[in-house]
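Reviewing the structure listed below.
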Amino acid sequence: MPLDTGIPVIGRSIVGQPIDRRDGRLKVTGRARYAAEFDIDNLAYAVLVQSTIASGEIAGFDLSEAQTIPGVLTILTPDNAPRVPQAAPGQSETSGPLVAKPLLQDKLVYYNGQHIALAVADTLERAQQAAALVRAQYREAEAQIRMQDALGSAYPPKRFRNGARPPDSRRGDPEATFTAAPVKIDATYTTPVEHHNPMEPHATIALWEGDGDSKRLTVYSATQGFRTRVTPSRSCSGSRPSRCGRSARSSEAVSAARATPGRMSRSRRWRRRPSGAR
Amino acid sequence: MSELEVSRRRFLGVSMATGGLAATATRAAVAQTTTPPVRTPEMTDVTLDVNGRRHALTVEPRTTLLDALREGLRLTGTKKGCDRGSCGACTVHVDGARVLSCLTLAARCQDKSITTIEGLASKGELHPMQAAFLARDGLQCGYCTPGQIMSAVALVEEGRAVSDDAIREWMSGNICRCGAYPHILAAIKDVAGSGSRS
Amino acid sequence: MQNFTLADTASLDAALAAAQQTDTKFIAGGTDLLQLMKDEVERPQHLVDLDGLPFDQVTTSDDGARIGALVKMSDLADNPDLRRRYPVIAEALLASASPQVRNMATIGGNLLQRTRCGYFRDPGVAACNKRRPGSGCSAILGFNRLHAVLGGSDYCIATHPSDLAVALSALDAAVELRGSDGVRSVPINELYLLPGDTPERETVLNPGEIITAVLVPPPATGERSHYLKLRDRASFEFALVSVAVAVAVDDGRIRSARIAVGGVGTKPWRLPNVEAALVGLPVNRDALVEAAAHAAEGARPTRENAFKIPLMQRAVARALATVTA
């Protein structure tokens, strides 16, 4: 029974039929909008700053040079960034501390290139320049960078994929079968870490609109999924709009910030509800 | 008009072609509620000829043509992939030659003729290369596509599309993470015509 | 990128005068310089724009070729006289970069481009003697698969990146330099400095001097030339090993040979021992392979790039076979 997709079906199947992509015309004419490209006025630009050590702690920041750049609006660091709730309980143990760790909440450095600050300015070039001028002082710790070196202290996780299945798989009696086998191959294969690296840069537009109870945040981003449990409207629960990172350069109702450090652009709107909702 | 008004309008890239009046009026209305960037001595005025229309812009010497197009003129068809000259997503034509806009300074483009992906289609009709990319599905996510098409148009005009290997070599400045290369090759061959041999 | 002033120049004299300022660099194609500035490796306060200066002509005659330093790579590669007389130059250019880069980049800029060493190009890395003299070299005990086996020192093993420079090295070309002191000509093989203990000094250019032309002597009678580039990708990639050869053969025996290798040295590397071994040899595979073996003399591998040494020997043999076929 063919699916009713709304696409004209030729013969018994659309597979193998030369159907143009629905967004193909937009893409070949340069009119398809990706995350950083929505036409929003009055944008501020934010550029992420990355750590240059692989493990340790940030002892402090020197923002003196970065703050002299004309047009810089603010430099967010763990010292002044808004507080955001940590991961929800029940999180899988194998996610580790990083997966659900919101940005700029503490001064621990887990890897080279970790995002440790955010420079916000009225043009992209100024934000990039300010970010390059942010200086961090570190207490560097020894980094563990090779899995082989840490295998001696490896352990099977207590909860794997939220208990959906055990971490190791087995079928039958591998040990006995291997011992009895006439031909044995015992080898260890490793694969390198691979990153998706889509060509679209990671970019997000955050657009704050409205005041008071009608305050609204729209986020334009390229991502395969959103976590909607932790919502900005809850995390920045209303008391001081400035703690949501709202740009201070305009007192107008509409102000927007675009952060740079994908396939489809999605947007989510959050509305403030009376307390207790969501 | 006060100096501040002039600089606001310039920042928003007021176009001087007669067709842009409606857009200009809209932008002027919005301009009342927006805050232009802090003016500094480094800023300089340049007029960019893009897709046959002239645009007055205020840029800094460090502003790339890519950022002037995307941020200054809101022509986001030209894409920023690597911003370092390695991916080709930012490919445009300047005075008829395909170049990388991320490594071009906008201030050096005064009096040069610039064509972007937005300038290929004519009166709503797709350029043959655009139509070929569509028909041959030479794209998936589409992010590299404008750069691929601009490069491909130039390649054919350069007379380089003489064989499959030649097309691949002369398109080597444009990468595609989705792997649409075989279909891109097919699209280019369609446009290059019967002159190309396998 | 920090801000800078950008100055046009009406004449070479004006450009040279403007270059007397401190923290000033010339910009031609800008394809390497802007990368370095975006990465904060280079931070000039002033740029002098060379666009429009009259160094964009190519003339070839029986006395050789004169190539203006502002000629675009793509234009030179398409020049029919140059392609006919010096195939190695055209082949080296077409093996370089990408079509878009070649439409922007100039001959002079290509010769002065900086190394691709990842530690040099990342200011987040503290130890780089080239970028920060005295700070150490991260590559020597780090990821050095792409680094040099010839010409390195305890201070720096960064590979020289230019293919064109290797071709010009084999052809005994020279660069014409102009500065406020006047004009001088420097052979390509004397232009680049070994890193030694001062890797921050890469060429013999005086401050404020610019390359205005490349001068190539006429090829020897019957000389054929060729460029072979080996790399991880089929295109748009720097060399692991490259070879430029210019060889003249009489009656099946080699009369003269000039060979330079790239991708393996801290500067383009001539191979005089291979050249001497080839003179008088019959053109057959075994002879070429035996002569090419000399290419490895003096080569010092790092932990990750020992493969370059046999690869270089084989590449030299193959390039010689191609050009004598």
Side-chain angles (χ1 to χ4, degrees), chain B residues 40-44 46 59-67 80 82-112 147-148 150-152 154-155 157-160 165-175 181, chain C residues 1-9 25 27-52 72-75 77-78 91 94-106 109 113 116 118 121-122 229 231 233-238:
Chain B
T40 58
E42 292 90 3
M43 284 169 150
T44 186
V46 67
V59 299
E60 292 172 324
R62 63 183 170 180
T63 308
T64 62
L65 176 61
L66 178 62
D67 287 325
K80 177 176 289 190
C82 69
D83 207 26
R84 295 290 189 280
S86 297
C87 76
C90 70
T91 303
V92 297
H93 300 172
V94 175
D95 287 343
R98 48 175 161 156
V99 296
L100 302 171
S101 57
C102 72
L103 296 181
T104 302
L105 296 176
R108 297 176 90 195
C109 291
Q110 180 76 35
D111 302 325
K112 299 196 179 173
Q148 299 277 0
M150 296 307 289
S151 218
L155 179 158
E157 284 171 6
E158 291 159 15
R160 312 263 189 206
D165 281 347
I167 292 171
R168 289 189 190 102
E169 172 58 35
W170 285 92
M171 288 295 292
S172 67
N174 294 83
I175 58 177
Y181 298 110
Chain C
M1 217 193 298
Q2 67 170 14
N3 264 317
F4 50 86
T5 68
L6 180 63
D8 284 339
T9 50
K25 293 193 90 70
I27 183 166
T31 53
D32 193 38
L33 180 60
L34 288 180
Q35 284 186 55
L36 293 164
M37 289 171 68
K38 288 182 189 219
D39 288 337
E40 305 277 338
V41 175
E42 292 280 7
R43 307 179 76 239
Q45 294 192 25
H46 309 286
L47 289 188
V48 175
D49 190 341
L50 297 177
D51 207 23
K72 300 276 193 271
M73 289 173 72
S74 55
D75 289 334
D78 281 344
E91 289 172 15
L94 291 173
S96 303
S98 71
Q100 292 96 310
V101 173
R102 295 196 294 268
N103 280 343
M104 304 161 74
T106 64
Q113 68 179 292
R116 306 306 300 188
R121 289 197 175 239
D122 181 359
K229 183 173 182 178
R231 43 189 165 170
R233 288 202 299 258
S235 188
F236 201 7
E237 176 68 281
F238 290 87

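This structure is a prediction, so every number in the text was calculated from the model and none was measured. Per chain, numbering begins at 1; letters A, B, ... match sequence-line order.
For the pair B:Asn174/C:Phe236, no side-chain contact is recorded, criterion being any heavy-atom separation below 4.5 Å from C-beta on. The shortest distance between side-chain heavy atoms of B:Arg160 and C:Pro99 does not fall below 4.5 Å. In this structure the side chain of B:Leu100 never reaches within 4.5 angstrom of the side chain of C:Thr31, judged on heavy atoms. In this structure, the side chains of B:Leu105 and C:Ile27 come closer than 4.5 Å at one or more pairs of heavy atoms.
Proximity to chain B involves both the backbone and the side chain of C:Asp39, based on heavy atoms less than 4.5 angstrom apart. Using a 4.5 Å cut-off between heavy atoms, C:Leu33 makes no contact with chain B at all. Heavy atoms closer than 4.5 Å to chain C are found nowhere in B:Thr40, neither backbone nor side chain. Proximity to chain C involves both the backbone and the side chain of B:Thr104, based on heavy atoms less than 4.5 angstrom apart. Residue contact with chain B, scored on non-hydrogen atoms closer than 4.5 Å, involves the side chain of C:Arg102 exclusively.
A distance of 9.0 Å separates CZ of C:Arg233 from OG of B:Ser172, quoted to the nearest 0.5 Å. Note: B:Glu60 CD to C:Leu6 CG = 12.5 Å, rounded to the nearest 0.5 Å. Atoms OG1 and CZ, on C:Thr5 and B:Arg62 in that order, are 13.0 Å from each other to the nearest 0.5 Å.
Here the side chain of C:Asn103 pairs a donor or acceptor atom with the backbone of B:Arg98 at under 3.5 angstrom.
Residues B:Leu103 and C:Met104 approach most closely at O-CE, 3.7 Å, considering heavy atoms. Residues C:Ser235 and B:Glu169 approach most closely at OG-OE2, 3.1 Å, considering heavy atoms. Closest of all the heavy-atom pairs between C:Val101 and B:Gly85 is CG2-O, 4.2 Å. Minimum interatomic distance between B:Gly88 and C:Gln100 (heavy atoms only, all atoms of both residues): CA-NE2, 4.3 Å.
Note: B:Arg108 leads B:Glu42, B:Arg168, B:Arg108 in heavy-atom pairs under 4.5 Å with chain C. Between chain C and the options B:Ile175, B:Val94, B:Thr91, heavy-atom pairs under 4.5 Å are most frequent for B:Thr91.
Classification of C:Asp51 and B:Lys112 as a salt-bridged pair holds, one side-chain N sitting under 4.0 Å from a carboxylate O.
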